[in-house]
Structures are given as C-alpha cells and as structure tokens.
2 protein chains.
Amino acid sequence: MNAGRELSASLEDYLEAIFCIIAAKGVAHAKDIAKRLRVTASSVTGGLQALAKKNYIRYTPYEAVTLTSEGEKLAKDVVRRHQILKDFFTNVLAVDEKLANEGACKVEHSIPPPIVEKLVSFMEFVEICPRGGQQLVDGFRHYHKTGSKENCKRCIVPSLEKLKKGKSKTKGKANMTLAGLKPKQKAVVIRIERRGPISRRLADMGIGRGALVDVERVAPLGDPIVVKVKGYHLSLRKEDAAGIIVSID
Amino acid sequence: MNAGRELSASLEDYLEAIFCIIAAKGVAHAKDIAKRLRVTASSVTGGLQALAKKNYIRYTPYEAVTLTSEGEKLAKDVVRRHQILKDFFTNVLAVDEKLANEGACKVEHSIPPPIVEKLVSFMEFVEICPRGGQQLVDGFRHYHKTGSKENCKRCIVPSLEKLKKGKSKTKGKANMTLAGLKPKQKAVVIRIERRGPISRRLADMGIGRGALVDVERVAPLGDPIVVKVKGYHLSLRKEDAAGIIVSID
DNA sequence: TTATAAAGTTAGGATAGGCTAAAATTCTAC
DNA sequence: GTAGAATTTTAGCCTATCCTAACTTTATAA
Ligand SMILES: [Mn+2]
Ligand SMILES: [Mn+2]
Ligand SMILES: [Mn+2]
Ligand SMILES: [Mn+2]
C-alpha cells in the first residue's frame, strides 16, 4: 500500500489509463490498457479485479469496463496531478514533452497533494506577477538553452514599462464577467455573484477572490466555456460564467 | 525493479539511511536504520542482504555496515536528489520543512534525473536573475500566505532601482576568487584558472561559467572553504578556491 | 565469569504485482 | 452457422518487501 494514499501507484495508473481511454475512444478494452501501460493483458485483468474489489470500476469478465463515480473522481485527481506536473516541467523547467510526461506519470503517485497545490499556486503567481514572472521563466529558458544571462538583463526594461502602463490604467479598468472572455485570456476572480450549485462547486475547489482563471476554449455561441483554474479544467455554461465577475490585466 | 533505476525505492532509502547515519554517528547499526525508516529490524537485515549482493555495502552478520565506493556514490546521489527537492519545496514553494522532507524522500525515487538538473538550474537562475528572481519568489510566499498581490506590486520599485544600480556598477565591479568570500555569500563562476584535479572534479559535476556558488562555511584560516554548487556540497582547499574566479552581485 | 538484556538473524507467511502458458470466450468472415 | 482469429481470463510461478515469532550472537553489569 502506497502509504497514506487510497491506491498504489500501479492501480492509480490503471485508473488513469481507463479514464483517458474512455475519454478518447468511448470504451476501455483491456487490450488498450495493456498497450498504454506496457504490461500484458493478464496483468490488466489482475488490476481490474483489484479495482473492482475496491469499487472504483464496474467489471464483468469479457466486457468493457466503466468507472464508478468514486473511480471517476479518483481518476480525475490522478489526471490532474499528471497535468500539473507536466505543465510545470514543460512550461517552467523547459523539459521536453516526452520526458515531462514520463516524469509526471511517475511523480504523480508519490508527491504529497499539498505540494501539488503549492505548485499550482506558484505557477499561477508567476503568470500574474507584475514583476514579470512569466518573463523570468522565459529568461530561464533562454539561459538554460544558451547559458547566457544577456537576454535576462535586456528584457527587464520592457517588463518595467509594461508594469507602469498597467499601473496607470488600473483606475479606469472595468470589471467584466467570465462569459465575456476569449480563449487564451487570463483574468482574476473579483467575486462570484450568484449563489447556487456552481458557486458551491467553485468554493469546493478553493476558487474565490484572487484566483486566476485561464480561458481555454469557448464554444461557437459562447456556451460552454472551458477554463482552467487552480489546476482544474472546468466547463461552465454561459449563464453560470456570467455570474463570475473578473478583472483582466 | 524501479524501471530504469539501479535500485528500487526501498533499497535507495536503505542506502540513504546508512549514509546519513554514518555521517552523523560514525557507524550504522541495524537498529538506527530500522528506527529511521520505521521498519522492523528483520526487514533491515533483508535490505542489507540485498544491498550486499549488489555490492553497494560491506555486510557481515552482526557487524556494523559500511558503504563500498559504489554504494557511497549512489547514496550521495540519493541524498542530493533529496536535498534539491527539499530546497525547492521549502525555498520556492514555501512548503513547511516537515512535509518538504517527507515529500522529497518519496519523490526522490521517481523523478527523472534530467528533471532534477533542470530544477537545480532553475533555482540557480532565480537566485541570480537581475529581474528580481529571488524577490519574485519572496513575493509568491507573501501572496501565498495572505492572498494579496499588493506586496508584489509595491516591491517592484526597489527591485528596479537595485537593477539600475547594478547595471552602472557592473563595469567597475572587480571579480574576485572563491577564496575571498565569506559564509552566506553567493557568487557566479566566471572561469576556472588552473587546470588539474580540482578543475576536472568541478567539470565532472557540470560546474563551469555561470554556475552559482553558495559559501556555506569557511574554516578559521580560510582553509578549507565549504560551498554548495549545483546542489553538491564541496569542500575546497584555499589554494584551490583561489583558482576559481567569481563575480558577486 | 556468567546471566540477563539488547541487538541482529532466520524461518515462515502475507500481499502486491509482474510474467508465461493454456484455457475460455467473443468476434469476424466466409 | 461455424471455424479460425482475436481477446480475455485463469493457473501457476516469480520477485520484492514487509511482518511476527523464535532463535542466535554480542554486550553489559553484578
Ligand atoms: Mn503514473
Ligand atoms: Mn499519469
Ligand atoms: Mn526516500
Ligand atoms: Mn530521502
């Protein structure tokens, strides 16, 4: 037993694989799981039996497997840890995608959840820091590639100007709702207007004033809108998004 | 077998424990190892037998265990990964010491070595970045504690002034040698003067131009001087330290 | 010097998770 | 509708790592 965790690393990987395969192809067959995890089909059967006994999946021999709601919750959590780590490895540490994925899929099982949350928080902060957090990261990538700190010295100037401009603009800046944002825009939550299932869902994830929201996709008519916030990927109906007051930088 | 690694997580922990106990008390007894790793004495015997078979330790029943040179090399590598991760968790992510240590001691076994090197590189860059890398990290810690981005906005100004001063000073700044530094001072390696065993030792660790050196201790007469560089702890004779030209911020 | 106490080892058992080979089931094509 | 192919499961084996209980060795103190 992976001390303190619900599941062992191995069973987390089976669950993660099942979730991802269902997401991609609709149903999860043992063969796909085996291929993805590079184990034999008989090992998969063993894993499925273990997950079924713990009630994370519905398993009938020879049939495709489905996730219980418990299993789906846990699977999403594994996937989230994976994504966050991969994000950090690629976007901050400039690790190439393949290694970042491999590393994330190992580390995801051993890193303590509170440290994952700190990591999310740190990456958010880097994105919004007026001191040029993102540029610091860019500077690091350049430094790492070339060994030169030149770029770092040079780009502080534009970074400052941007900051000053931002400052004077702040007063006249109008707040808006999440429903009005476009893909790739970032915003900070000011407050959540309406009370109800959505605001509770947000609160459960610790999303409130000050949280950074990252718009990922907006469907043709603005409904639904997919955002990333605190490392979670969220799909919101336009109606609900309109209840979230945000401020853009 | 922990795919791609010499040793399993469990055996790495035994090796790490042996190294740390020898460092602290001179000899490693099974009882100390058992206590440290929270396993029974009989499990320790099992671990020692496995390590002995792989030639990482010298083991004779009922006697204290010693590391072979292979074993010591590997143990140091585990300890280094542990330290780097702990450093990152505490100094960048503001994780409390206890959790940082626990997390580091789990993650150390699964994180790919190239990612560890990127992490070292990133932390060094944050420390030397003229854009205020360290202050960005401090800003994050404040943000994390209070949820406020105020501090971040306010301290950009002194950060800038420091940068400007730094810039004008740069021309007149005299480079010095590692031998002239005091404890807690940080410096960046400009070049290594003399060739020989020491410069080769440094080169083996990937230490060259641009590496950040952190002075930890200086003995009464300046000999030896203990520094941290790229996550390694190094003890240098004054004579050798004088051959390393560095620049201080 | 010898009887305890402490430390360490061995024996035996459990669980987890992988594998191969063989059997069972389901799918597919004629 | 049936035979062969593909898929999946079972059986049996292996290694790693932990444990408890019993035994052996070493240390210590009267
Ligand atoms: Mn994984
Ligand atoms: Mn994963
Ligand atoms: Mn460890
Ligand atoms: Mn450790």
Side-chain angles (χ1 to χ4, degrees), chain A residues 1-18 21-22 25-66 74 78 105-106 108-110, chain B residues 1-18 21-22 24-67 74 78 105-106 108-110:
Chain A
M1 173 73 99
N2 191 0
R5 274 202 163 80
E6 303 276 330
L7 291 181
S8 65
S10 169
L11 293 188
E12 279 195 350
D13 274 340
Y14 282 114
L15 213 52
E16 184 188 31
I18 293 164
I21 290 166
I22 289 177
K25 321 191 11 174
V27 283
H29 287 109
K31 198 193 165 199
D32 305 314
I33 301 171
K35 195 175 170 191
R36 188 186 162 106
L37 298 180
R38 298 152 180 277
V39 293
T40 60
S42 75
S43 299
V44 173
T45 302
L48 296 182
Q49 286 166 347
L51 287 173
K53 197 156 62 187
K54 294 175 196 289
N55 266 295
Y56 291 120
I57 61 172
R58 276 177 289 268
Y59 169 68
T60 317
Y62 297 106
E63 284 179 21
V65 47
T66 58
L74 231 168
V78 177
C105 211
K106 286 179 184 160
E108 69 193 6
H109 312 292
S110 56
Chain B
M1 174 71 99
N2 191 359
R5 274 204 163 79
E6 304 275 330
L7 291 180
S8 65
S10 168
L11 292 187
E12 279 194 350
D13 274 339
Y14 282 114
L15 213 52
E16 183 188 32
I18 293 164
I21 290 166
I22 288 176
K25 321 190 12 174
V27 283
H29 287 107
K31 198 195 165 197
D32 305 315
I33 301 171
K35 196 174 169 192
R36 188 185 162 106
L37 298 180
R38 299 152 179 274
V39 294
T40 62
S42 76
S43 299
V44 173
T45 302
L48 296 182
Q49 286 167 345
L51 287 173
K53 197 156 60 186
K54 294 175 195 291
N55 266 294
Y56 291 120
I57 60 171
R58 276 177 289 268
Y59 170 67
T60 319
Y62 298 106
E63 284 180 19
V65 47
T66 58
L67 293 165
L74 231 169
V78 177
C105 211
K106 285 179 184 160
E108 69 193 3
H109 311 292
S110 57

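In what follows, chains carry the letters A, B, and so on, assigned in the order in which the sequence lines appear, proteins first and then strands, with residues in each chain numbered from 1. Keep in mind that this is a model prediction, so the values were computed, not measured.
Side-chain contact check for B:Y56 versus B:L7: some heavy-atom pair is nearer than 4.5 Å. The side-chain heavy atoms of B:Y59 and B:T45, taken from C-beta on, include a pair separated by under 4.5 Å. In this structure, A:L11 and A:E6 have side chains that are not in contact, with every pair of non-hydrogen atoms separated by 4.5 Å or more.
Nearest nucleotide to the side chain of B:S10, out of C:dT20, D:dT17, C:dT25: D:dT17. The A:H29 side chain lies nearest to D:dT8 when the options are D:dT24, D:dT8, C:dG17. With distances taken from any side-chain atom of B:V39 to the nucleotides C:dT10, D:dC18, C:dG8, the minimum falls on D:dC18. Side-chain proximity of A:T40 to the nucleotides C:dG17, C:dT20, D:dT9 is greatest for C:dT20.
Annotation: the span from B:I18 atom CD1 to B:L48 atom CG amounts to 5.5 Å, rounded to 0.5 Å.
Looking at heavy-atom distances under 4.0 Å, A:Q49 makes contact with sugar-phosphate atoms alone, never a base. Within the nucleic acid shown, A:A41 comes within 4.0 Å of at least one base atom, counting heavy atoms only.
Put simply, CG on B:L48 is 11 Å from P on C:dT10, counting in whole angstrom units. Rounded to an integer number of Å, the gap from B:L37 CG to C:dG8 P is 14 Å. Going from atom OH of A:Y62 over to atom C1' of C:dT26 covers 9 Å, rounded to whole Å. Atom CD1 of B:I33 is separated from atom C1' of C:dG8 by 11 Å (rounded to the nearest Å). The nearest whole Å value for the distance from the CG atom in A:L11 to the P atom in C:dG18 is 8 Å. Counting to the nearest Å, the P atom of D:dA6 and the CG atom of A:D32 are 16 Å from each other. Distance A:Y59 OH to D:dT8 C1': 7 Å, rounded to the nearest Å. In this structure, the NZ atom of B:K31 is 4 Å from the P atom of C:dA7, given to the nearest Å.
OP1 or OP2 of D:dC18 sits under 4.0 Å from a side-chain N or O of B:Y14.
Take the nearest nucleotide of DNA chain D for B:K53 and for B:S43: the residue whose nucleotide is more 5' is B:K53.
Taking only distance into account, the side chain of B:S42 meets the base of D:dT20 through a donor-acceptor pair shorter than 3.5 Å. Judged by atom type and distance alone, A:T45 does not reach the base of D:dT10 through any side-chain donor-acceptor pair under 3.5 Å.
Here the side chain of A:R58 pairs no donor or acceptor atom with the backbone of A:V65 at under 3.5 angstrom.
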